Every structure is written in C-alpha cells, then in structure tokens.
Amino acid sequence: MIEFQNASYAHNKGYGLNNLNMSIDEGEFTFLIGPTGSGKTTLMRLIYFDIIPDSGIVKINGFSSPGITQKKIAMARQSIGMVFQDYKLLKDRNLFDNVALPLHVLGFKSSEIPDRVDEALDLVGLEGKEGHYPYELSGGEQQRASLARAIIKEPDVLLADEPTGNLDPVSSFELVRLLETIHETGTTILMASHNYNLIKGRGRQILELKNGQLRIR
Amino acid sequence: MDKFFYLITEGVKNVWRHKVTAFTAMFSLFVALYIVGVLATAGNNAHKILYYLRSKYKIEVFFKQDVSNEQAVGIIHKIKKIEGIRSATIIEKEDAIRIFKDQFGENIEELLGYNPLPASAVINIERNRRDQLVIETMIKEIRKIKQVDEIRYQGNLINKIERNFKKMMDYFPYASIVIILISILIIYNTIKLSVYSRRDLIETLQLIGASRTFIKFPFVIEGVLIGAISAILVAPALLFSVNAMNYVISRFSSFNIKISYDPMILFWMLVTVVLIALIGSYRAASGFLK
C-alpha cells in the first residue's frame, strides 16, 4: 500500500531523509514518531507527492513517484485522506461545505452529499454543527471536522500529520480513539506524532524517525 | 453536470463570501473603467467642440466699390468652389445700408447722396472635417479674385484653435494607450491579489486531490463576474457624467454642444474587462498551483 525504496530527500538547508526503506501493508495502523525536525512531515509529504524524492521510489496505491504527473498526483490524493496539525479548514465555509468538499472534487451527485456529510459528522461527534464556521469551533472540534473531511470519501489510506499537535491531552486521546474506530473499517492509517505517551501501549506498529533514518520500535 | 454547476455556484458564492475583497476589486476596476470610459467619450465628442467653434469662424469679403450686386453673385459662385468653404452669403449694397443704419442709426445714402458701401459676402467654413483647417490657403485663393478689395477674418484665433486641437488629437492615441495599459494592469493585478488572498483554498483543494481545472474554474467565474459587474456599473456612472456635463454646458456656457454617449464604448469595455478578468484570474490561479 505504502512503500519507500531507498528514498532520499534533502531540503535546501541540508536536512531531510536518507535512503529510507519501509512498507506499510493494507489495513495497518502505524504510528510514526520522532522529535520535532526529525523528518516526519517530510516523509508524509513524500507519501502524498507534495515533494518527490531526490532518489529512490515512493509508492502508494499503485502510484509511483518517478515521473509522476500533476494529474496523477491529484488522482493519487483522491484515494488518500489527510489530517494536518493546523486542520486546513476553509475559514470562509461552514462545516457542511468544508466536509462536503472532497465529494464535489470526486464528482458526487449533489443529492447524495447531505447524507454522507451527516454520516461523517456523526462519526466524529459533530452532528448538529453543520452550519458552524471553523472559528466557531474549538481546536478539538476543528480537528475532528478535518478528520470528517478526510474520511468522507472513504479513502484507502489516511495520513495524519501531528493531528494532536494543537490539542489538549483529552482531545488528543479522543482523536486517537476516533482514528482507531476508523481503522476498524479497514482504512490504512499512518499517524505522525512526537508524543510517545499518546501512542505507546496500543499494540500498533511504531516507526521511529531519527536524523533522517527509520527504525521499527 | 453536478460538478459543473457546483463550480459555477462556487464562483458566484465566492464573490459573496469575500465581500470586502470583491468590493475592493470592483471599486478599483470601476475607477479604471470609468477613466477609460470618460476618455473614450471625450475622444468621441472632441470633434463636436471643434465643429462648433468652426461654425463660428467667419470670413468677411468686401468687393470693390464698382462691383455690382449681379457681379457679386457671380464672384460668390467662384468663392463657393474653393476647397474648405461650406457656404457664402451675399450682402448686397442695399443690405449694407440697412446694416449700417442698424449699427449707427444713420442712413449713409441720405447723408452722402450716394451709397459708398460695397457689396460683400460672409463666408462659412466647412466644419465637418477631422484634419487641421489651414485658413490661409482659403484666404490666398479668395485674394486671387481681382474684384476682392478686403478680407476680414480672425486668423490668429482660428490658427491657435486649429493648431491646439491638432496637437491634442496627435497626443490623444498615445495618452489613451498609456491609460488603457495602466487600467489593464490595475484590473489584472486586482484579480491577482484577490486570488492571492485565497491561496489557502488552492492549497487545500490540491491536497484533497482536486484537478487544476476544478481549482481554477471558480476563480475564473468570480473574476469574470467582478469584471462584468464593474463594467455594468460604469454605464450609469458614465451616463450621469455625460448628462451632468451637458447640463453644465447648457447652463453655464454659451456653447451649443450636446455631448453624446456611445453604448458601443460600454460594450467594448465589457468585452475587454471580461477578457482581462478571465485571463488574469486563470493565470493568477495557475501561478499559485504547485
């Protein structure tokens, strides 16, 4: 499902990832940990082809990094759900419009959209808040809205890059529980975090990234 | 089809969602288009002022004392054939006595026992021509007629008017091009700024997997809508300005000119601004796409 073959990427300032090899199978829930600046976000960006490796190959859902076109990148991302530390919700749209956005991108019929949005909001516990704008929601709610937007298209892979970074411990714990619920539906999940206490003891594969190198913990 | 309607609706909604940005863009576009409209209307009406002034140019030709009224009619036919002359009206010797009496209150024929006033002609110049009128050429032609004794005209004033108008018309295309180019730049950059203020939307849409067309389309609709609304708003503003100008001219000046408003100016402004907005928003959105 997700595969790195000798993938390296260097930022302009020199740091990055060096000769990375890893594989995440379909249906797995994997945590990626490492201190700030260890390259977790770089690794995530390589997966959704925001950056292309300088050398080596990154594969996801049958899409491969060498020579990938913008059109293929858009197609690859349509099968990936993404959650970010800063939520990336659109401030000028209410919750309904934010969550419905991927469905419009995928060309869903407008008659199917409301039910799907309701379903996604129910799952993340935001039912009844469809008309709220992001600034009217707490950090935890915004992150759950971001999660609803990521899962509404029923992605094969869900990438969560420091999703608890801006949340209090209770909200963080709830979010991880929510991700575990989503994982039960068969979604492959890769969640990056620097908070080891939050993810330890959950019986999931943990990959540790340190100085651009990856190891299984 | 649902996707297409969604994108159109998004474009329209974006104008409302970003009211302040849209209003600022519309205002900038409105000002730029208004200036272009005023300039175009001025260019379209400039000749009317000149034609009006030309209608006031008069050349008075006095014939020699021994030229009879009948001979004067013949001479006038000759004068009328000179290029640039629109009409010539004879003032017979008897008319001259009447005019003299009107102006000075005396009948000169009764005073002197004979009529010393010659027959004359008042000449009007052809006014509906766009090129500079050189009055000296006409005067030279009239002087060639042996029976002509004296010619009176406001040569310096006419030359000054004609020269300055020509100068103005020579510079007008360049000034228009500069102003139109500046307006295009303003319109283009306003649209670009409006897109720039929403680069987070572009980023989010890209992360979701939206195609480039999906991302750009609403921006194009929004840009075209802002451009079209601005151009449409210019119409009443321009009409109002023209009417106000006509009111001022008729009320506070002796000019008998009516400035007209050509709807084609608005049509071309609408077409141009929609095109610029279309290209501008498309290029701006493309610029922010990775």
Side-chain angles (χ1 to χ4, degrees), chain A residues 44-45 47-52 60-61 63 68-84 86-94 97-113 133-134 145-146 148-153 155-157 159-161, chain B residues 1-26 191 193-223 225-226 281-290:
Chain A
M44 290 285 192
R45 289 175 68 196
I47 296 174
Y48 60 84
F49 301 122
D50 193 35
I51 49 176
I52 304 296
I60 180 166
N61 285 344
F63 293 94
I68 193 162
T69 59
Q70 283 298 331
K71 198 174 177 182
K72 286 261 173 71
I73 290 174
M75 283 165 71
R77 287 178 185 173
Q78 285 175 6
S79 62
I80 306 171
M82 284 181 251
V83 180
F84 299 93
D86 59 354
Y87 326 131
K88 295 202 188 302
L89 292 172
L90 300 172
K91 297 172 195 76
D92 59 352
R93 279 153 222 240
N94 63 24
D97 287 340
N98 264 292
V99 176
L101 202 57
L103 301 182
H104 291 294
V105 169
L106 291 171
F108 272 71
K109 282 187 178 170
S110 49
S111 55
E112 292 176 38
I113 292 172
Y133 281 83
S146 164
R149 187 182 61 189
I151 58 165
I152 196 165
K153 59 185 176 184
D156 300 324
V157 180
L159 302 176
D161 187 7
Chain B
M1 210 55 177
D2 277 18
K3 206 180 203 176
F4 179 70
F5 282 122
Y6 170 75
L7 293 177
I8 290 183
T9 317
E10 276 301 290
V12 178
K13 275 186 184 170
N14 279 345
V15 177
W16 182 248
R17 281 185 188 129
H18 306 277
K19 292 179 274 290
V20 179
T21 318
F23 177 78
T24 313
M26 271 182 216
I191 299 281
L193 275 175
S194 155
V195 176
Y196 179 76
S197 68
R198 263 161 305 139
R199 57 202 184 284
D200 59 329
L201 167 67
I202 295 177
E203 188 199 354
T204 303
L205 283 168
Q206 272 195 298
L207 290 174
I208 286 169
S211 67
R212 295 171 93 81
T213 314
F214 187 97
I215 297 169
K216 284 186 253 183
F217 199 80
F219 282 108
V220 171
I221 297 286
E222 187 186 344
L225 202 63
I226 288 174
S281 48
Y282 184 87
R283 281 179 58 95
S286 303
F288 296 117
L289 280 169
K290 277 187 189 169

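Given the structure is predicted, the values throughout are model-derived calculations rather than measurements. Here is the naming used below: chain letters follow the sequence lines, and residue numbers restart at 1 for every chain.
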Using only distance (under 3.5 Å, no hydrogens or angles), which donor-acceptor pairs connect chain A and chain B?
residue, atom, partner, partner atom, Å
Asp2(B), OD2, Ser110(A), N, 2.6
Asp2(B), OD2, Ser110(A), OG, 3.2
Lys3(B), NZ, Val105(A), O, 3.0
Glu10(B), OE1, Arg93(A), NH1, 2.5
Glu10(B), OE1, Arg93(A), NH2, 3.3
His18(B), NE2, Asp92(A), OD2, 2.6
Glu203(B), OE2, Lys88(A), NZ, 3.3
Gln206(B), O, Arg77(A), NH1, 2.9
Ile208(B), O, Lys153(A), NZ, 3.1
Gly209(B), O, Gln78(A), NE2, 2.8
Lys290(B), O, Gln70(A), NE2, 3.4
Lys290(B), NZ, Asp50(A), OD1, 3.1
Lys290(B), NZ, Asp50(A), OD2, 3.4

Notebook entry, point to check: Which answer fits Leu205(B), side chain, backbone, both or neither, if we ask what part of it has an atom under 4.5 Å from a heavy atom of chain A?
Noted result: side chain
Notebook entry, point to check: chain B heavy atoms under 4.5 Å from Phe84(A): which part of the residue, side chain, backbone, both or neither?
Noted result: side chain
Item checked: Heavy-atom neighbours of Phe108(A) CZ exceed 12 at 6.0 Å ->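 Check passes, neighbour count above 12.
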Checklist line | Where Ala74(A) and Ala210(B) come nearest, the two heavy atoms and their spacing | finding: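 Closest heavy-atom pair between Ala74(A) and Ala210(B): CB-O, 3.9 Å.
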Checklist line | Atom pair CD1/CD1 of Ile152(A) and Ile208(B) - distance to nearest 0.5 Å | finding: 10.5 Å
Note to self: So, using ring-ring contact (aromatic ring centres under 6.0 Å, His included) as the criterion, who are the partners of Phe4(B) when residues are at least two apart?
What the structure shows: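 Testing Phe4(B) for ring-ring contact (aromatic ring centres under 6.0 Å, His included), a comparison that skips the adjacent residues, returns Phe217(B).
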